[in-house]
Amino acid sequence: MIVVTGATGSVGKHLVRNLHSQQVEVVAAVRDQTRASLPEGVRSVAMDIENLSSVENAVAGADAVFWLWPSLSGSETAEAGGDIGRILGASGARVTYLSAEAAAAEPTSSWAIMENAIEQAVAEWTILRCTGFAKNVRMWIPQIQSGDTVRWPFANATRSLIHEADIADAAAATLIDKTHTGQRYTLTGPSALRQVDQVKIIGKTIGRNLNWDEEPFEEARDRLAQEFGDLELAEYIMESWQEFIDKPEPVTSSVRMLTGHDPRSFESWVLDHAHEFRG
Ligand SMILES: NC(=O)c1ccc[n+]([C@@H]2O[C@H](COP(=O)([O-])OP(=O)(O)OC[C@H]3O[C@@H](n4cnc5c(N)ncnc54)[C@H](OP(=O)(O)O)[C@@H]3O)[C@@H](O)[C@H]2O)c1
């Protein structure tokens, strides 16, 4: 029996479908059982990470757990990570944790802290360090729906955007096959793309000619700070994006190795979500 946390999220919903279609007994751990839309025959269990006994209850009896931790705050994760590790460890389940490629270089990040907590407390774990999710380009939807220009910072920031269905396929492989225990895999899309090229591909795929308008650093930082109501978070995000200019995200063969198929292209993600850009 495999418990999927974050089962309503962009990776979790693909993973639940994937495991269910392979006739694996899958239980979706969700905050709101009345709202979660799940494939017929998939059981759900109520779980909120704010309530540790609900986490304990959700993972009890599982052979394997897909673990998603939604917080981006390192200090919040440091506070809760020990308890989460103990609960996952005590369940005796194998754990696959959805982490980020950035964990490698950022030991104080939420991802690195959660990885350590799991590695210390769980006997059998697998870590999936992912590069940027393709869904991140949804940040441009309002501009693309209302015109042909995307005004944004860092045209040359380069990321290996990964289709969330590929993360789910890779996660399913590690949850079913015990040979991935103790492994850390870097999951990426098939190619590293500059943001300006991502915008061009979106335009081409939806039949439009889209332009890039470079937004100055200060303007973008202030816009994000206003949007988030948090200057520190805006600065952190701006710095992370800026780093992708000189240090593009890597491209690995892990998706192919784990799933037996090539990672889906960015174009295919845009095609799958073209209606969102057309509005
Ligand atoms: N975006 C990227 O580029 C990127 C790259 C690497 C790693 N990641 C990591 O990937 C993870 C996000 O994955 P995703 O995109 O599949 O998720 P998502 O689409 O952002 O959805 C978040 C999921 O977490 C659940 N959740 C939120 N708060 C919760 C709580 N208090 N208790 C229990 N469940 C809660 C949500 O459930 P509800 O339906 O109840 O809200 C939902 O299922 C994060 O850890 C992120 O750091 C992201």
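Atoms within a ligand are numbered from 1 in the order they appear, just like the ligands themselves.
No side-chain N or O of T205 forms a donor-acceptor pair with one of E267 less than 3.5 Å apart. For the 3.5 Å distance criterion, the side chains of W269 and E164 qualify, holding a donor opposite an acceptor. Side chain to side chain, N18 and D169 meet the donor-acceptor criterion of an N or O pair below 3.5 Å. Remark: the W67 side chain and the T96 side chain contain no N/O donor-acceptor pair separated by less than 3.5 Å. For S75 and S73, the side-chain atoms include at least one donor-acceptor pair closer than 3.5 Å. With hydrogens and angles left out, the side-chain atoms of E115 and S99 include a donor and acceptor closer than 3.5 Å. Using modelled atom types and a 3.5 Å distance limit, the side chains of T186 and T252 yield no donor-acceptor pair. Side-chain contact, N51 with S53: a donor N or O sits under 3.5 Å from an acceptor N or O. Between the side chains of E101 and T131, no donor N or O sits under 3.5 Å from an acceptor N or O.
A tilted orientation is assigned to the rings of H163 and H273, their planes being inclined by 30° to 60°. Aromatic ring pairs are classed by plane angle as parallel below 30°, tilted from 30° to 60° and perpendicular above 60°; the pair W152 and W241 is tilted.
Any N or O atom pair closer than 3.5 Å counts here, and W111 shares at least one such pair with ligand 1. The shortest N/O to N/O separation between F133 and ligand 1 falls below 3.5 Å. Of the polar atoms of G132, none of the N or O atoms is found under 3.5 Å from an N or O of ligand 1, judged by distance alone. Here's the thing with E50: none of its N/O atoms is less than 3.5 angstrom from an N/O atom of ligand 1. Residue G12 has no nitrogen or oxygen atom sitting less than 3.5 Å from a nitrogen or oxygen atom of ligand 1, judged on distance alone. Considering both main-chain and side-chain atoms, G9 comes within under 3.5 Å of ligand 1 through a nitrogen or oxygen pair.
L224 is listed as a side-chain neighbour of M238, based on a closest heavy-atom distance under 4.5 Å. The shortest distance between side-chain heavy atoms of W140 and Q195 falls below 4.5 Å.
The part of K135 lying near ligand 1 is the side chain, judged by heavy-atom distances below 4.0 Å. Contact annotation: for T5 versus ligand 1, there are no heavy atoms closer than 4.0 Å. Only backbone heavy atoms of S99 (N, CA, C or O) come within less than 4.0 Å of ligand 1; its side chain stays farther off.
Using a 4.0 angstrom heavy-atom cutoff, N136 counts as in contact with ligand 1. Distances shorter than 4.0 angstrom do not occur between any heavy atom of V30 and any atom of ligand 1. Ligand 1 has no atom lying under 4.0 Å from any heavy atom of R129.
For ligand 1, the atoms closer than 4.0 angstrom to any heavy atom of L98 are 10 (O), 11 (C), 13 (O). Residue-ligand proximity, D48 to ligand 1, at heavy-atom distances under 4.0 Å covers atoms 30 (C), 31 (N), 32 (N), 33 (C). Atoms of ligand 1 lying under 4.0 Å from any heavy atom of T131, numbered from 1 in the order shown and given with element: 5 (C). Per-residue contacts place C130 under 4.0 angstrom from the following atoms of ligand 1 (heavy atoms of the residue considered): 6 (C). Heavy-atom contacts of W69 reach the following atoms of ligand 1: 44 (C), 45 (O) (cutoff under 4.0 Å). Close contacts between ligand 1 and V11 involve ligand atoms 16 (O) [criterion: under 4.0 Å to a heavy atom]. Of all atoms in ligand 1, numbered sequentially from 1 with element shown, those under 4.0 Å from a heavy atom of A100 are 6 (C), 7 (C).
Among protein heavy atoms, the minimum distance from atom 14 (P) of ligand 1 is reached at S10 OG, 3.4 Å. Atom 32 (N) of ligand 1 has its closest protein heavy atom at I49 N, 3.0 Å. Remark: minimum distance from atom 25 (C) of ligand 1 to any protein heavy atom is reached at G6 CA, 4.2 Å. Atom 13 (O) of ligand 1 has L68 CD1, 3.2 Å as its closest protein atom, hydrogens excluded (heavy atom only). In terms of protein heavy atoms, atom 36 (C) of ligand 1 is closest to T8 OG1, 3.9 Å.
For the pair T188 and P250, the tightest heavy-atom approach, listed with the atom from each and the gap, is CG2-O, 3.4 Å.
Considering R31, M47, E164 only, the shortest heavy-atom separation from atom 27 (C) of ligand 1 involves R31.
Remark: the backbone N or O of A170 is not paired with any side-chain donor or acceptor of T259 at under 3.5 angstrom.
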